Peer 1: 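Below are the structure tokens for one structure; questions will follow.
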Amino acid sequence: MGCNSRGDTITAICTPPGVGAVGIIRVSGTEAIHIVSTLFRSRTEQDIFKKKWGMYSGDIVGENNQVIDDVILLIMKSPHSYTGEDVVEIHAHGNMFILRTIVELLLKGGARVAEPGEFTKRAFLNGKLDLVQAEAVLDQILAKTRKSLELSRSTLEGHLSSKIYEYSNHIKTILAYVEAVIDFPEDEIPPELWTQSIRSLKQIVQEMERLLSTSECGKILREGAIVTIAGKPNVGKSSLFNALLRDNRAIVSPYPGTTRDHLEEYLSLEGVPVRLIDTAGLREVTEHVEKEGIERAWKAISNSYLILFVVEATDINDEDVQLFTSIKDNTEKPILLVVNKIDLNSHPKIPHQLHEKVKEVVHTSVITSSGLNELENMLLKSLLGEQEISEDIILSHEHQKNSLLKAKNCILRVLGKSELSAELVAFELREALQSLGEITGETAPDELLDIIFSSFCIGK
């Protein structure tokens, strides 16, 4: 892949909107240093064109030499920069008016506003990152827990990429043998070479299957799993919500209908990000506001990865059974039954209609903290299965999973036929390489690249 074909110079504010001590503007492109030089007045009269990289202090000046702000410039010349192009970072005071004024001057000087993710896209196009690493940049920015951050960092360092390239190199070696048969059919290929190739392909398939098994876990770590607390009014949903968060986030009241809208917060369960949602109590009402809250509760339930259905230990009745049945009939998501307030009744009787429909039951008391650790462990098990997050090579994007699955199926078609022409074997192996290249970006279509980089923030 070559350099950016547009060849223009882009700029954007890299720091978040708001007031801060420092705000950073990034400029990248062939004219980056020249454009900035027209606005920059060095205090030591240093020439910012001379060094490959350097830090300079001075002022950004506008029309009539009016000082806009005193700044520090970081100069990074091609190819020794994030994008692989000439890059200038302007470190100014973190006032949005100042930053926007500087950007306007840069635009007048010939730069244009960067598109979302365009700096990272240029880094990819210029060979500074492959597509897996480029996506890891965004994952690192959006990481919600320490474990999410560690995994995105591991991917950015190239661990997943190395595994994909390893698969590709093995397949390329085997493809070379197959193409030799096609090109020189009169030459004999040693039988042991074919046996070794088949053995290698089977090994690749096994490794691909292990990597594919991490995709659900990777998706949860990247996006967070939505877990909704549901049940009839006054069973302790909000209290349980607060207890899991270790914070009094939701208002708790003995009166039914206190929760009118759903509340949500992120919770880290041993590094797994969980988007916990507390919903309005489910019941038939006519009051408009509470009715709207209940409709939103049902929407949250339908969007959940997992549902905590809460009942009160002192009063488990037909209404609970009917609500649970209604949820069960309208979603295939896993449901954990939480029997709450066991400090008031340590031996609750669960109706058999309810007990028969759930796989997991946990007894809790927010007052005594009983069962909360068990609930958290059960949540983790339900989200991740028996898999532990110990590996540093995990698939975390749906398109990675789909492309790897296509590559695996190509190899399986080779292994599944006892007699397959050399031409068809070569075709399947090339298709496998094509699919693996979609992951690293070597063969990714422009439409996929546009989708991926458009999800980045402007300035990254």
Side-chain angles (χ1 to χ4, degrees), residues 1-8 10 12 28 82-85 113-143 148 151-169 171-172 204 208-209 211-224 393-413 427-460:
M1 294 200 175
C3 294
N4 190 294
S5 59
R6 298 177 72 170
D8 49 4
I10 58 174
S28 179
Y82 178 71
T83 63
E85 304 171 330
V113 175
E115 297 170 359
E118 190 170 0
F119 291 102
T120 302
K121 187 174 185 179
R122 290 190 174 200
F124 164 70
L125 293 172
N126 291 326
K128 304 294 286 186
L129 301 168
D130 63 26
L131 188 58
V132 174
Q133 292 170 306
E135 290 181 280
V137 171
L138 180 61
D139 292 346
Q140 194 167 33
I141 293 170
L142 300 179
S148 304
L151 285 169
S152 62
R153 186 67 207 172
S154 170
T155 305
L156 184 57
E157 290 172 352
H159 293 186
L160 175 57
S161 300
S162 295
K163 181 59 66 176
I164 301 301
Y165 291 133
E166 180 185 316
Y167 298 156
S168 296
N169 289 335
I171 295 171
K172 286 175 182 176
I204 291 171
M208 285 180 171
E209 287 174 345
L211 187 53
L212 284 166
S213 71
T214 68
S215 62
E216 193 64 30
C217 174
K219 183 179 180 181
I220 290 173
L221 286 170
R222 186 173 67 86
E223 300 177 0
I393 302 177
I394 288 182
L395 296 177
S396 56
H397 291 262
E398 190 69 19
H399 81 89
Q400 294 173 349
K401 172 188 171 183
N402 293 337
S403 294
L404 187 60
L405 188 59
K406 285 192 295 183
K408 187 194 85 167
N409 289 336
C410 288
I411 298 174
L412 286 177
R413 283 193 288 272
F427 172 79
E428 294 292 358
L429 294 181
R430 291 191 198 102
E431 287 293 297
L433 289 173
Q434 170 79 19
S435 296
L436 292 175
E438 290 173 2
I439 300 174
T440 58
E442 295 169 290
T443 60
D446 290 340
E447 295 81 3
L448 176 61
L449 298 179
D450 290 341
I451 290 171
I452 290 172
F453 288 106
S454 66
S455 62
F456 280 60
C457 56
I458 293 176
K460 192 57 185 172

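Heavy-atom basis, side chains included; hydrogens, waters and symmetry copies ignored. Small disclaimer: the values here were computed from a predicted structure and weren't measured. For this chain, numbers begin at 1 and follow the sequence in order.
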Peer 1: Just so I know, are the side chains of F427 and R413 near enough to count as touching, which here means a heavy-atom distance under 4.5 Å?
Peer 2: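 Counting from C-beta outward, F427 and R413 never come under 4.5 Å.
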
Peer 1: May I ask you to test the I439-Y167 pair for a side-chain heavy-atom distance under 4.5 Å?
Peer 2: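 Not touching, per the 4.5 Å side-chain cut-off.
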
Peer 1: If you look at every heavy atom in I452 and S455, which pair is closest and at what distance?
Peer 2: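 Minimum heavy-atom separation between I452 and S455: O-OG, 2.5 Å.
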
Peer 1: Give a yes or no answer on whether the side chain of S152 reaches the backbone of A136 with a donor-acceptor pair at less than 3.5 Å.
Peer 2: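 No, the answer is negative, given that no donor and acceptor are paired below the 3.5 Å cut-off.
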
Peer 1: Using every non-hydrogen atom in the two residues, find where S435 and K406 come nearest and quote the distance to one decimal.
Peer 2: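 Nearest pair, atom of S435 first, then K406: OG-CB, 3.5 Å.
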
Peer 1: Distance check, rounded to the nearest 0.5 Å: L429 atom CG versus C410 atom SG?
Peer 2: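 It comes to 8.5 Å.
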
Peer 1: Can you tell whether the side chains of K219 and E216 come within less than 4.0 Å, N to carboxylate O?
Peer 2: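 E216 and K219: not salt-bridged.
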
Peer 1: To the nearest 0.5 Å, what is the distance between OG (S168) and CD (Q434)?
Peer 2: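 Spacing of OG (S168) from CD (Q434) equals 11.0 Å.
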
Peer 1: Considering only heavy atoms from C-beta outward, does the side chain of L131 approach that of F453 to under 4.5 Å?
Peer 2: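 Yes; the side chains approach each other to less than 4.5 Å.
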
Peer 1: Could you pull out the closest heavy-atom pair between G218 and I394, with the gap in Å?
Peer 2: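 For G218 and I394, the tightest heavy-atom pair comes out as CA-CG2, 3.4 Å.
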
Peer 1: Quick check: does any side chain N or O of Q133 sit under 3.5 Å from a backbone N or O of L156, one acting as donor and the other as acceptor?
Peer 2: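 Between the backbone of L156 and the side chain of Q133 there is a qualifying donor-acceptor contact (under 3.5 Å).
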
Peer 1: Quick one: CG on L129 to OG1 on T120, what's the gap to the nearest 0.5 Å?
Peer 2: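 Nearest 0.5 Å value for the CG-OG1 distance: 7.0 Å.
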
Peer 1: Using the rule given for side-chain contact (heavy atoms from CB on, under 4.5 Å), can you reason through H399 versus I451, listing the C-alpha separation, both sets of side-chain angles and the distance that settles it, and then say yes or no?
Peer 2: CA-CA 11 Å; H399 81 89; I451 290 171; over 6 Å; no

Peer 1: Any side-chain heavy-atom pair from Q400 and I164 closer than 4.5 angstrom?
Peer 2: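 The answer is no, as the side chains (C-beta and beyond) never meet within the 4.5 Å cut-off.
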
Peer 1: Can you see which heavy atom on T440 is nearest to which on F124, and at what distance?
Peer 2: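 T440 and F124 have their closest heavy atoms at O-CE1, 3.9 Å.
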
Peer 1: Do V113 and I10 have side chains that get closer than 4.5 Å, going by heavy atoms?
Peer 2: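 No, side chains not in contact.
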
Peer 1: Looking at S215 and L211, would you say the former's side chain and the latter's main chain have a donor-acceptor pair under 3.5 Å?
Peer 2: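 No, the answer is negative, given that no donor and acceptor are paired below the 3.5 Å cut-off.
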
Peer 1: Are I411 and I171 close enough that some pair of their side-chain heavy atoms sits under 4.5 Å apart?
Peer 2: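 Side chain of I411 against side chain of I171, heavy atoms only: contact under 4.5 Å found.
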
Peer 1: Is a side-chain donor or acceptor of S148 paired with a backbone partner of L221 at a separation under 3.5 angstrom?
Peer 2: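 Yes, because the side chain of S148 sits within donor-acceptor range (under 3.5 Å) of the backbone of L221.
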
Peer 1: Any side-chain to backbone donor/acceptor pair from S28 onto E85? Under 3.5 Å, distance only.
Peer 2: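 No; zero donor-acceptor contacts below 3.5 Å.
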
Peer 1: Do other residues, nucleotides or ligands put more than 12 heavy atoms under 6.0 Å from K401 NZ?
Peer 2: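 Incorrect, the count does not exceed 12.
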
Peer 1: Do K121 and E115 meet the salt-bridge criterion of a basic N to acidic O distance under 4.0 Å?
Peer 2: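 K121 and E115: not salt-bridged.
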
Peer 1: Could you state the interatomic distance from CG (L160) to CD1 (I393), rounded to the nearest 0.5 Å?
Peer 2: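 L160 atom CG to I393 atom CD1 measures 7.0 Å (nearest 0.5 Å).
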
Peer 1: Whether the side chain of D130 engages the backbone of V132 through a donor-acceptor N/O pair (distance < 3.5 Å, no angle test) should be reported.
Peer 2: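 Flag set: sc D130 to bb V132 pair under 3.5 Å.
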
Peer 1: If we only count heavy atoms from C-beta on, is the E135 to L138 side-chain gap below 4.5 Å?
Peer 2: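 They are not in side-chain contact.
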
Peer 1: Under 4.5 Å between any side-chain heavy atoms of D139 and H397, yes or no?
Peer 2: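 Yes, close enough: below the 4.5 Å cut-off.
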
